[in-house]
Amino acid sequence: MDSTLFQMMIDELDPNCSQFDALPGPPADLTGVYCNSTTDEIGTCWPPTNAGQLVARPCPEFFNGVQYNTTRSVYRQCGENGTWASRINYSHCEPLLMEQKTFEVYEVHYRIVLIINYLGHSISTAVLIVAFVVFLCLRSIRCLRNVIHWNLITTFILRNTLWFLMQMIDEEIHERNEPWCRLVTTIYNYFVVTNFFWMFVEGCYLHTAIVMTYSTDKMRKWKFLFIGWCIPCPIIVAWVIGKLYYENEECWFGEVVGHRMDYIIQGPVVLVLLVNFIFLFNIVRILMTKLRASTTSETMQYRKAVKAILVLLPLLGITYILFFIDPGKDDISYVAFLYFNSFLQSFQGFFVSVFYCFLNGEVRTAARKRWHRWQDNHTLRVRVARAMSIPTSPTRVSFQSIKQTGV
């Protein structure tokens with residue numbers, strides 16, 4: 001068939017692709033392996049296409065009684081083996097309803113949420129890097145508790161860095177399912193899982209030390225390192241295998257109906273959050289018992305308990321449990337849910353750094369000593385330099401005279 005006539009048929013497709021089914025053979029411009037024409041469940045016709053190509057078709061004009069913008073496109077990949085991808089990207093199709101202002105308002109909200117995410121991740125990453133350097137320089141505070149904080153901060157930095165890298169991947173690269181894009185997704189998910197497992201390590205340490213009254217000196221650092229960095233590896237490997245065989249599309253973002261490989265990651269994460277919630281409950285219970293046994297007033301006791309809960313929430317990742325709450329169909333509750341979750345997720349690293357580094361009494365004391373030591377050394381060097389620059393007799397200046405000069 002002439003390629004011009006073939007293109008005219010594509011431009012005037014009927015819903016069921018019957019024009020292509022009536023053709024005696026494949027079009028002339030199709031060579032080698034190609035995908036046959038087919039109609040998906042929505043009713044969009046996908047013409048015969050050479051293998052390995054990404055096909056764009058106009059969005060359906062009507063679906064389920066709702067009119068859509070046909071100037072937008074829907075995308076589908078023709079595989080290298082001549083079969084259509086099971087996942088079809090209809091995310092760009094927008095309904096044309098009478099309440100157009102509602103959609104404009106939602107678009108504004110989504111843009112603001114995106115700004116909050118960028119702002120939160122930027123501030124958190126900057127503060128996390130400062131906290132990382134502080135833990136790196138202050139060797140005197142490298143006890144097991146602070147080593148765990150240090151590793152948690154490291155996972156936040158790596159996770160946020162990969163988050164920024166993910167934002168630079170455009171839709172076209174997603175649709176092409178580039179190998180390097182899948183690698184970035186895999187590394188990002190690994191750091192997400194390690195981040196949650198280090199939150200579990202934080203909860204395990206606190207629960208063991210406070211509830212079980214186990215001596216922290218008997219705890220082994222290598223066990224916590226194994227939990228935080230090694231246990232996520234088989235989880236990610238299983239997820240990669242599942243994605244490769246069942247959801248090998250769009251840089252391994254999204255899901256295919258009937259195959260929910262992301263549950264391989266989400267399951268352990270939810271389990272970690274539930275265990276940490278139990279840890280938090282037990283820790284607060286023990287804390288309240290000790291506060292009631294003290295002589296402080298009841299109001300002060302509740303203040304300390306609330307303060308302890310607020311400090312532990314970001315450390316144990318309990319705020320992520322709020323993400324599983326259904327905000328309902330009400331517009332106001334959904335928008336509030338969107339803003340609240342975006343703020344908590346993007347600023348969590350910031351709160352962890354502030355509470356467990358900059359407001360940590362042990363860290364502040366060590367930093368103050370380090371600063372005073374540097375000031376003393378700097379002052380001594382200045383005095384030596386001044387003493388050496390004072391004109392004297394040919395007699396060599398002794399260190400004792402330098403000290404006296406400084407005095």
Side-chain angles (χ1 to χ4, degrees), residues 116-118 120-136 144-167 183-207 221 223-240 252-253 262-280 311-324 341-357:
I116 292 174
N117 272 290
Y118 271 103
H121 281 89
S122 300
I123 294 175
S124 294
T125 304
V127 175
L128 285 164
I129 291 175
V130 175
F132 179 88
V133 173
V134 168
F135 279 116
L136 180 66
L144 180 57
R145 181 181 68 257
N146 288 330
V147 168
I148 294 175
H149 294 339
W150 193 14
N151 279 272
L152 178 62
I153 287 172
T154 303
T155 60
F156 271 113
I157 294 174
L158 296 173
R159 175 180 175 174
N160 288 358
T161 303
L162 266 294
W163 184 88
F164 283 112
L165 186 59
M166 299 276 286
Q167 305 310 307
L183 178 62
V184 171
T185 305
T186 302
I187 297 174
Y188 171 74
N189 281 320
Y190 170 74
F191 288 137
V192 168
V193 178
T194 56
N195 186 239
F196 280 101
F197 269 85
W198 275 106
M199 293 178 195
F200 169 75
V201 169
E202 293 276 7
C204 186
Y205 176 87
L206 288 173
H207 188 267
K221 182 170 64 175
K223 294 181 180 179
F224 293 121
L225 294 174
F226 178 81
I227 294 173
W229 294 110
C230 298
I231 290 184
C233 291
I235 298 174
I236 294 299
V237 170
W239 176 81
V240 168
W252 293 350
F253 266 101
D262 287 342
Y263 284 167
I264 298 175
I265 292 177
Q266 294 169 359
V269 167
V270 172
L271 181 61
V272 163
L273 293 177
L274 292 177
V275 173
N276 271 2
F277 183 79
I278 297 173
F279 286 164
L280 177 65
V311 170
L312 289 174
L313 284 178
L315 183 72
L316 303 181
I318 306 301
T319 52
Y320 283 98
I321 295 180
L322 301 175
F323 299 165
F324 301 110
N341 280 354
S342 299
F343 175 81
L344 288 180
Q345 187 172 8
S346 59
F347 279 93
Q348 187 183 10
F350 170 80
F351 291 124
V352 169
S353 298
V354 170
F355 288 148
Y356 295 95
C357 179

- Task: State which residues pass side-chain hydrogen bond (donor to acceptor under 3.5 Å, both in side chains) with Trp239; sequence neighbours excluded, sorted by chain then number.
- Result: Asp262
- Task: Specify the closest pair of heavy atoms between Trp198 and Phe224, including all atoms of both residues, with the distance to one decimal.
- Result: CH2-O, 3.6 Å
- Heavy-atom closest contact (Gln167 atom, Tyr118 atom, distance): CB-OH, 3.1 Å
Output a table of donor-acceptor pairs, distance under 3.5 Å, between side-chain atoms of residues 269-278 and any protein atom two or more places apart or on a different chain; print 'none' if there are none.
from: Asn276; atom 1: ND2; to: Met199; atom 2: O; distance (Å): 3.1
from: Asn276; atom 1: ND2; to: Leu316; atom 2: O; distance (Å): 2.9

- Task: Could you walk me through whether Phe191 and Thr155 pass side-chain contact (heavy atoms from CB on, under 4.5 Å), step by step?
- Result: CA-CA 6 Å; Phe191 288 137; Thr155 60; 5.9 Å; no
- Item | Closest non-hydrogen atom pair, Ala238 against Ile264 | O-CD1, 3.7 Å
- Return yes if some donor-acceptor pair links the side-chain N/O of Ser124 with the main-chain N/O of Ser346 below 3.5 Å, else return no. yes
- Message: Quick one, Arg145 with Tyr356, criterion side-chain contact (heavy atoms from CB on, under 4.5 Å). Give me CA distance, side-chain angles, the key distance, then yes/no.
- Response: CA-CA 10 Å; Arg145 181 181 68 257; Tyr356 295 95; over 6 Å; no
- Does any non-hydrogen side-chain atom of Phe226 lie less than 4.5 Å from one of Lys221? no
- Message: Nearest 0.5 Å, please: how far is CZ in Phe200 from NE2 in His207?
- Response: 10.5 Å
- Spacing of Ile153 atom CD1 and Cys357 atom SG [to the nearest 0.5 Å]: 5.5 Å
- Message: Would you say the ring centers of Trp150 and Phe132 fall short of 6.0 Å from each other?
- Response: yes
- Between OG1 of Thr194 and CD1 of Ile235, what distance do you get to the nearest 0.5 Å? 10.5 Å
- Roughly how far apart are Leu128 CG and Ile123 CD1, rounded to 0.5 Å? 11.5 Å
- Do you see a donor-acceptor pair shorter than 3.5 Å between the side chains of Asn189 and Trp252? no
- Check whether the side chains of His149 and Glu202 place a donor and an acceptor atom closer than 3.5 Å, and report yes or no. yes
- Item | side-chain contact (heavy atoms from CB on, under 4.5 Å), paired with Ile148, selected from Leu144, Asn151, Leu152 | Leu144
- Check whether any side-chain N or O of Tyr190 sits under 3.5 Å from a backbone N or O of Trp229 as a donor-acceptor pair, and report yes or no. yes
- Message: Aromatic contact between Trp163 and Phe156, with the criterion being ring centroids under 6.0 Å apart: yes or no?
- Response: no
- Message: Under the criterion side-chain contact (heavy atoms from CB on, under 4.5 Å), I'd like the reasoning laid out for Ile236 against Ile265: C-alpha separation, chi angles, the key distance, then a yes or no.
- Response: CA-CA 7 Å; Ile236 294 299; Ile265 292 177; 4.0 Å; yes
- All heavy atoms of Ile227 vs all of Ile231, minimum pair found to be O-CB, 3.6 Å
- Message: Going by the rule side-chain hydrogen bond (donor to acceptor under 3.5 Å, both in side chains), which residues pair with Asn117 if we only count those two or more places apart in sequence or in a different chain?
- Response: none
- Message: What I'd like to find out is whether the side chain of Leu162 reaches to under 4.5 Å of the side chain of Leu165, using heavy atoms alone.
- Response: yes
- Item | Mutual orientation of the aromatic rings belonging to Phe347 and Phe351 [parallel < 30°, tilted 30-60°, perpendicular > 60°] | tilted
- Roughly how far, to the nearest 0.5 Å, is CD1 of Ile129 from CG of Asn160? 9.0 Å
- Task: Starting from the C-alpha separation in whole Å, work towards a yes-or-no answer on side-chain contact (heavy atoms from CB on, under 4.5 Å) for Phe164 and Thr125.
- Result: CA-CA 10 Å; Phe164 283 112; Thr125 304; 3.8 Å; yes
